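Both backbone and side-chain heavy atoms feed into the values below; hydrogens, waters and symmetry mates do not. From a predicted model like this one, the values you see are computed outputs, not experimental measurements.
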Amino acid sequence: MGLFADPEVDRQFRRGQWRMLATTILGYTLFYFLRKNLSLAMPGLVQDYGVTKASLGLFLTLHGVVYGLGKFVAGPISDRSRPRTFLMVGLLLAMLANVAFGFGPVLAALVAGGGNGPAFTSALVTVLGVVWVVNGFLQASGNPPCLKLISHWIPPGELATKLALWNSSHSIGAGLVTILCGYIMGLGALGADGVGVDMWRWCFFAPAIICALGLAVLWFTLPGTPREENLPDLPGTEVVPQEADCLIPDGKAPSALKMVYLNPTIWIVGLCCFMVYVTRFAILDWGPMLLKESKGVSLAGAGWTVACFEIAGILGTLFSGWATDRLAGGRAPRVCMFMMLGAGLFMAAFWFLPKGVPMVLSVLALAGAGFCVYGPQAMTGVTAVNLATKRFAGTAVGFTSLFSYGSVVLSGWGMGLLSDQTGGWAAPFYVVLVCTAIGAALFLCLWNTKPNGYGGAQ
């Protein structure tokens with residue numbers, strides 16, 4: 001059954017849907033190339049310049065916190081802007097920030113007046129930290145416009161499935177960049193820690209080159225909203241307030257204050273995001289170093305292992321979308337509760353596997369965790385967007401992102417500091433397991449949440 005009575009309009013709209021999905025997947029994949037490259041470069045910074053894990057953890061934390069704050073700011077702005085322009089400008093600036101990070105030692109030498117000694121090292125940590133924080137803010141321009149476009153093109157009853165498909169961009173980007181940078185770090189003359197001397201720079205230069213090519217493709221292919229493409233609005237997404245207190249004072253329309261900021265359900269969704277992202281970033285940010293130090297895996301092998309986590313995440317994301325729309329009647333938290341429990345079990349299996357077992361078992365356990373954790377990561381976005389409606393989609397995503405990326409205080413700086421102080425990764429891993437259990441409990445609290453905020457539109 002078509003969305004529109006006119007077959008030609010329906011055909012054009014459906015074609016626009018798939019073009020929008022394909023190009024936003026490409027766009028957000030490129031953002032990940034510019035964001036998840038640091039984890040593979042970190043061993044090189046430790047080896048070449050003696051940067052501590054606590055400092056690297058602080059990089060991750062500040063980047064994530066600023067990214068979350070940036071999405072909080074970018075969300076409402078994207079609701080009032082052309083999402084196509086918003087996304088491409090942000091991607092261009094993030095690409096330039098990555099180039100600047102690669103030239104970090106050059107900039108630090110200018111600040112310190114030389115390329116050696118404690119003053120240089122201190123300046124390097126400061127310069128890299130500032131550039132990475134700036135990159136975090138610029139990265140915030142990627143997610144809100146993508147979800148804004150999706151909410152304008154995809155009906156609520158298909159949103160979980162289609163958003164799960166789009167969400168594969170997270171895993172595609174993170175998986176490909178870890179493989180690419182894993183091989184890069186194995187090139188050149190190997191240093192004391194077994195990674196290529198000064199090769200970490202190319203973990204930033206190479207993704208920037210790829211993104212420059214991708215931007216050219218997006219310029220010619222990325223669509224705007226249906227109205228910007230001279231098509232009618234999506235049927236069935238008129239906002240029908242469920243309660244009188246959702247109205248602004250003149251009684252004409254729901255307000256962001258009631259639909260998002262004072263909505264207790266959105267707050268619980270945000271807390272779920274916090275727990276999910278602690279689990280996800282524990283592997284994504286620290287996985288290569290953890291595997292190298294606790295499992296004796298090379299960085300190239302660690303890159304492939306983390307890529308398996310991401311590939312399984314794609315399958316888990318697609319499954320969660322299908323299960324939400326087909327089995328749970330659009331109620332994503334029901335699916336997320338079971339998947340979060342599964343993530344905890346697989347993470348425990350990965351950590352407690354005895355030494356000497358075939359590495360393939362560790363890879364399979366980590367892949368199982370990836371399958372389970374990426375479903376909730378995607379479906380929290382589905383829940384927030386559907387409840388807030390397309391009118392406040394960017395605002396809701398920005399608000400819940402405060403929780404998602406506030407988690408890096410724990411998963412970034414906290415885990416790095418805990419690993420430094422305990423001399424290993426056991427204590428940080430136990431923290432992750434506790435977070436998965438709390439996350440499952442929070443999803444259970446959302447069991448009876450309504451599917452969307454459109455007053456019955458499916």
Side-chain angles (χ1 to χ4, degrees), residues 25-47 56 60 91 94-95 98-99 101-102 135 139 142 166-188 190-191 193-214 217 280-318 350 358-371 373-374 377:
I25 287 173
L26 171 62
Y28 206 60
T29 295
L30 294 175
F31 272 101
Y32 260 71
F33 266 67
L34 302 173
R35 177 153 100 235
K36 291 304 173 185
N37 43 354
L38 177 60
S39 62
L40 270 295
M42 288 194 299
L45 291 168
V46 173
Q47 171 189 273
L56 294 171
L60 297 173
L91 185 60
M95 180 188 74
N98 269 252
V99 173
F101 195 97
N135 181 49
Q139 290 281 336
W166 174 83
N167 209 75
S168 64
S169 59
H170 296 68
S171 298
I172 294 170
L176 290 178
V177 79
T178 54
I179 293 173
L180 172 66
C181 294
Y183 279 114
I184 286 174
M185 292 302 293
L187 299 176
L190 302 184
D193 289 346
V195 296
V197 175
D198 215 32
M199 290 306 299
W200 64 270
R201 298 168 183 261
W202 285 96
C203 291
F204 302 91
F205 293 152
I209 293 170
I210 293 170
C211 285
L213 298 175
V217 174
R280 177 181 168 224
F281 284 159
I283 299 302
L284 202 53
D285 287 336
W286 291 110
M289 187 171 286
L290 183 152
L291 287 163
K292 182 177 182 297
E293 294 183 358
S294 66
K295 303 284 186 179
V297 180
S298 69
L299 277 182
W304 275 104
T305 302
V306 174
C308 288
F309 175 84
E310 295 296 325
I311 292 168
I314 296 174
L315 300 177
T317 300
L318 296 176
F350 166 77
M359 188 58 195
V360 67
L361 295 179
S362 294
V363 174
L364 289 174
L366 207 57
F371 180 92
V373 80
Y374 269 93
Q377 187 267 332

Practice task
Calculate, to the nearest 0.5 Å, the distance between atoms SG and CG belonging to Cys308 and Leu366 respectively.
Solution key: 8.5 Å
Return a table of donor-acceptor pairs under 3.5 angstrom between the side chains of residues 194-205 and protein atoms on other chains or two or more places apart.
from, atom 1, to, atom 2, distance (Å)
Asp198, OD1, Arg201, NE, 3.0
Asp198, OD2, Arg201, NE, 3.0
Arg201, NH1, Gly102, O, 3.2

Problem - Non-hydrogen side-chain atoms of Thr178 and Lys36 separated by less than 4.5 Å - result: no
Handout entry: Close side-chain approach of Asn37 and Cys181, heavy atoms under 4.5 Å
Key = yes
Practice task
Identify the heavy atoms of Thr29 and Gly173 that sit nearest to each other, and give their distance.
Solution key: CG2-CA, 3.6 Å
Practice task
Start with the C-alpha distance between Ile172 and Tyr32, add both sets of side-chain angles, then the distance that settles side-chain contact (heavy atoms from CB on, under 4.5 Å), and finish with yes or no.
Solution key: CA-CA 9 Å; Ile172 294 170; Tyr32 260 71; over 6 Å; no
Handout entry: Gap between atom CD of Gln377 and atom OG1 of Thr317 - 0.5 Å precision
Key = 6.5 Å
Handout entry: Least distance between heavy atoms, Leu30 atom then Gly214 atom
Key = CD1-CA, 3.6 Å
Fill in the blank from the handout: Rounded to the nearest 0.5 Å, the OG atom of Ser169 sits from the CD1 atom of Ile314 at a distance of 9.0 Å
Fill in the blank from the handout: Residues Gln139 and Ala94: closest non-hydrogen pair is NE2-CB, 3.9 Å
Fill in the blank from the handout: For Phe31 and Leu91 the tightest heavy-atom approach is CZ-N, 3.5 Å
Problem - Heavy-atom closest pair, residues Ile210 and Phe33 - result: CD1-CE2, 3.8 Å
Exercise for the section: Please report the shortest heavy-atom distance between Leu40 and Gly182, naming the atom on each side. Expected result: CD1-CA, 3.7 Å
Fill in the blank from the handout: Here the gap from Ile179 atom CD1 to Thr305 atom OG1, rounded to the nearest 0.5 Å, amounts to 10.0 Å
Problem - Heavy-atom side-chain contact between Phe101 and Leu38 under 4.5 Å - result: yes
Problem - Check: Asn98 side chain, Leu34 main-chain N or O, donor-acceptor pair, under 3.5 Å - result: yes
Exercise for the section: Over 60° means perpendicular and under 30° means parallel, so classify the ring planes of His170 and Trp166, tilted if in between. Expected result: perpendicular
